[in-house]
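Working notes, beginning with the structure itself.
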Amino acid sequence: MNVTAIRIFSILIIALAPGFSAIAQTLPMKEPRLTEEQARQKLAEYAATWHTQEQWEKRAANIRAGILRGANLVPLPHRNDLKPIIWGKRAGKGYTVENVAFESLPGFFVTGNLYRPAGEDLSQRHAAILCPHGHGLNPRFSPATQTRSAMLARMGAVVLAYDMVGMGDSTQLAHKDPNALTFQLWDSIRALDFLSSLPDVDPARLGCTGESGGGTQTFMLCAVDDRVAVSVPVVMVSAHFFGGCVCESGLPIHHSDQHDTDNVEITALFAPKPLLVISDGKDWTKNVPTMEFPYIQSVYKLYGALDQVENTHLPNEGHDYGSSKREAMYRFMAKHLRLNPQLDESDTVLDPAVLHVFTDDHPRPAYALKNGPEVLAELKKMQNSN
């Protein structure tokens with residue numbers, strides 16, 4: 001089936017689906033995958049459109065506008081009171097963890113865990129790091145997510161590990177909701193608001209790191225919100241693969257009649273700030289050292305900032321956020337956020353049962369929105385109130 005046929009078929013399927021919304025009608029312009037040679041050609045085409053910092057910044061501004069427009073976040077919604085819920089503090093080895101929820105839209109909850117250095121003085125300002133996760137079974141509770149969050153707290157950062165929509169405690173809509181990308185990007189923006197509101201957080205030292213779908217969230221957030229100071233997207237920066245889930249490529253953030261780009265350029269929008277791209281040899285990031293990273297370097301070169309961008313490539317590893325990838329991230333975050341580097345990952349995993357935000361004893365508030373259409377209606381309401 002060719003691309004045109006697939007597009008027509010997709011339009012028919014979605015148009016006939018129950019709950020089809022006005023926002024979701026704006027479908028991605030292309031499939032989320034190219035051949036590797038097509039990707040190489042596209043990068044060459046993009047590179048031919050800019051040669052100076054001024055030309056790149058004009059292109060970058062158009063890409064940012066295209067992302068927000070494609071994600072149906074123009075205008076940005078009004079920022080409501082977050083109404084944070086924080087409870088269940090537990091002490092680990094060198095860190096504490098609490099269960100957290102806050103409202104990215106009235107009645108729509110972002111859920112996660114807040115990690116802090118043990119024995120911290122809340123009058124002291126710390127760096128803060130967002131930890132979005134990838135796809136999988138309850139990935140916020142996975143050893144990989146818990147370990148990196150706890151380790152970064154041990155190193156001196158306040159850390160928020162938060163759920164993708166439709167996962168973990170975020171069950172007000174399905175992860176496959178056609179507007180998942182919209183809600184997820186807005187959740188990430190509001191997660192920065194939450195961290196920045198904490199009395200022990202230095203809003204000038206904010207980082208973000210996630211793997212796979214969390215890598216997509218990392219570079220998408222960093223593209224549209226300039227508050228992030230350090231970015232580490234893991235196993236996701238690729239010129240030929242755009243992410244196979246609606247939360248990554250379900251809306252036309254890459255292609256429209258006004259812009260055309262890929263995840264490499266979106267990642268490069270972070271220049272000239274500190275960026276570490278982590279890749280491996282057994283997934284779609286296998287070409288990063290020879291294709292994607294040189295393109296990103298060429299953007300950083302415009303700013304005289306080649307020393308701010310790095311690639312850790314692990315040719316014998318696969319698609320995960322394993323220990324060697326975490327170690328590279330720890331060193332980079334420590335260097336650029338002024339943390340205390342540590343590599344001992346022992347005693348960093350708790351029973352997932354104690355990390356849930358909403359339980360029988362702590363239920364989700366009764367006024368919570370109940371499904372995707374209700375969340376979408378609230379988002380539109382908040383956009384119209386600006």
Side-chain angles (χ1 to χ4, degrees), residues 91-97 113-122 124-134 142-162 192 195 198 200-211 214-215 218-219 221-222 227-237 267 270 272-280 288-289 293 296 300 305-314 316-317 320-350:
K93 180 182 176 183
Y95 71 96
T96 65
V97 58
N113 297 109
L114 184 65
Y115 294 77
R116 286 184 163 112
E120 72 156 344
D121 180 352
L122 291 181
Q124 300 279 325
R125 292 292 184 100
H126 298 263
I129 300 171
L130 283 182
C131 284
H133 60 70
S142 72
T145 301
Q146 287 196 53
T147 295
R148 65 181 159 108
S149 302
M151 283 292 292
L152 288 167
R154 280 183 187 171
M155 291 165 57
V158 176
V159 180
L160 178 66
Y162 61 111
L192 283 183
L195 280 180
L198 298 175
D200 52 335
V201 165
D202 178 358
R205 289 192 292 153
L206 299 177
C208 187
T209 181
E211 82 285 14
T218 297
F219 55 67
L221 173 64
C222 291
R227 290 176 293 175
V228 182
V230 182
S231 177
V232 185
V234 179
V235 298
M236 198 61 222
V237 178
T267 304
F270 199 63
K273 293 184 287 187
L275 168 69
L276 170 62
V277 176
I278 299 180
S279 53
D280 67 83
V288 165
F293 190 60
I296 295 171
Y300 273 75
L306 281 173
D307 60 336
Q308 299 298 298
V309 62
E310 298 180 20
N311 171 222
T312 294
H313 186 68
L314 301 161
N316 297 318
E317 293 196 13
D320 60 24
Y321 208 152
S323 60
S324 53
K325 298 179 180 74
R326 295 194 298 270
E327 287 179 9
M329 178 270 290
Y330 298 149
R331 292 188 177 98
F332 195 80
M333 288 289 191
K335 175 182 177 181
H336 292 285
L337 290 178
R338 304 194 303 276
L339 304 175
N340 301 313
Q342 296 184 32
L343 298 179
D344 178 10
E345 294 188 330
S346 61
D347 301 320
T348 54
V349 180
L350 301 178

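Each residue takes its place number in the sequence, starting with 1.
No donor-acceptor pair under 3.5 Å is formed between the side chain of R205 and the backbone N or O of A128. Between the side chain of H126 and the backbone N or O of G156, at least one donor-acceptor pair lies under 3.5 Å. Of the possible polar contacts, one joining the Y300 side chain to the K273 backbone as a donor-acceptor pair under 3.5 Å is found. Between the T218 side chain and the G210 main chain, a donor and an acceptor come within less than 3.5 Å of each other.
A heavy-atom distance below 4.5 Å is not found between the side chains of V232 and E211. Contact check for H313 versus S279: side-chain heavy atoms found under the 4.5 Å cut-off. Considering only heavy atoms from C-beta on, T209 comes within 4.5 Å of V234 through its side chain. Proximity of Y162 to N113: side-chain heavy atoms (C-beta onward) are nowhere separated by under 4.5 Å. Between Q146 and Y115 there is a side-chain heavy-atom pair separated by less than 4.5 Å. F270 is not listed as a side-chain neighbour of V309, based on a closest heavy-atom distance of 4.5 Å or more. Using a 4.5 Å heavy-atom threshold, the side chains of R148 and M329 count as touching. In this structure, R116 and Y95 have side chains that are not in contact, with every pair of non-hydrogen atoms separated by 4.5 Å or more.
The heavy-atom pair separating T267 from P233 by the smallest distance is CG2-CG, 4.4 Å. The shortest non-hydrogen separation linking H336 to P274 is ND1-CG, 3.4 Å. Residues L152 and Y330 approach most closely at CD2-CD2, 4.1 Å, considering heavy atoms. Contact record, T312 with A328: OG1-CB, 3.7 Å, taken as the closest heavy-atom pair. When all heavy atoms are compared, the tightest approach of G322 to D320 is N-OD1, 3.1 Å. Residues P132 and G214 come closest through the heavy atom pair CG-O, 3.5 Å.
Atom CG of N316 is separated from atom CG of L314 by 8.5 Å, given to the nearest 0.5 angstrom. From L206, atom CG reaches atom CG of L221 across 9.5 Å, with rounding to the nearest 0.5 Å. Within the model, atoms CZ of F219 and CG of L275 stand 11.0 Å from one another, a figure rounded to the nearest 0.5 Å. In this structure, I129 CD1 and L337 CG are separated by 5.5 Å, a value rounded to the nearest 0.5 Å. Here the CG-CD1 distance, from N311 to I278, works out to 9.0 Å after rounding to the nearest 0.5 Å. Here CG of L160 is found 8.5 Å from OG of S149. Values are rounded to the nearest 0.5 Å.
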Check your understanding: Could you go step by step and tell me if R154 and T348 meet the side chain to side chain contact (heavy atoms under 4.5 Å, CB included) rule?
Key -> CA-CA 10 Å; R154 280 183 187 171; T348 54; 3.6 Å; yes

Exercise for review: List the steps and the verdict of salt bridge (Lys or Arg N to Asp or Glu O under 4.0 Å) for E310 and R331.
Suggested key: CA-CA 12 Å; E310 298 180 20; R331 292 188 177 98; over 6 Å; no

Check your understanding: T145 and H133: side-chain hydrogen bond (donor to acceptor under 3.5 Å, both in side chains), yes or no, with the steps?
Key -> CA-CA 7 Å; T145 301; H133 60 70; over 6 Å; no

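Salt bridge annotation for K325-E317: present, with a cationic side-chain nitrogen under 4.0 angstrom from a carboxylate oxygen. Between D344 and K93 there is a salt bridge, with a side-chain nitrogen of the basic residue lying less than 4.0 Å from a carboxylate oxygen of the acidic one. R125 has no carboxylate O lying under 4.0 Å from a charged side-chain N of D200, or vice versa, which leaves the two without a salt bridge.
Checking E345 against S323 by side-chain atom types alone, no donor-acceptor pair falls below 3.5 Å.
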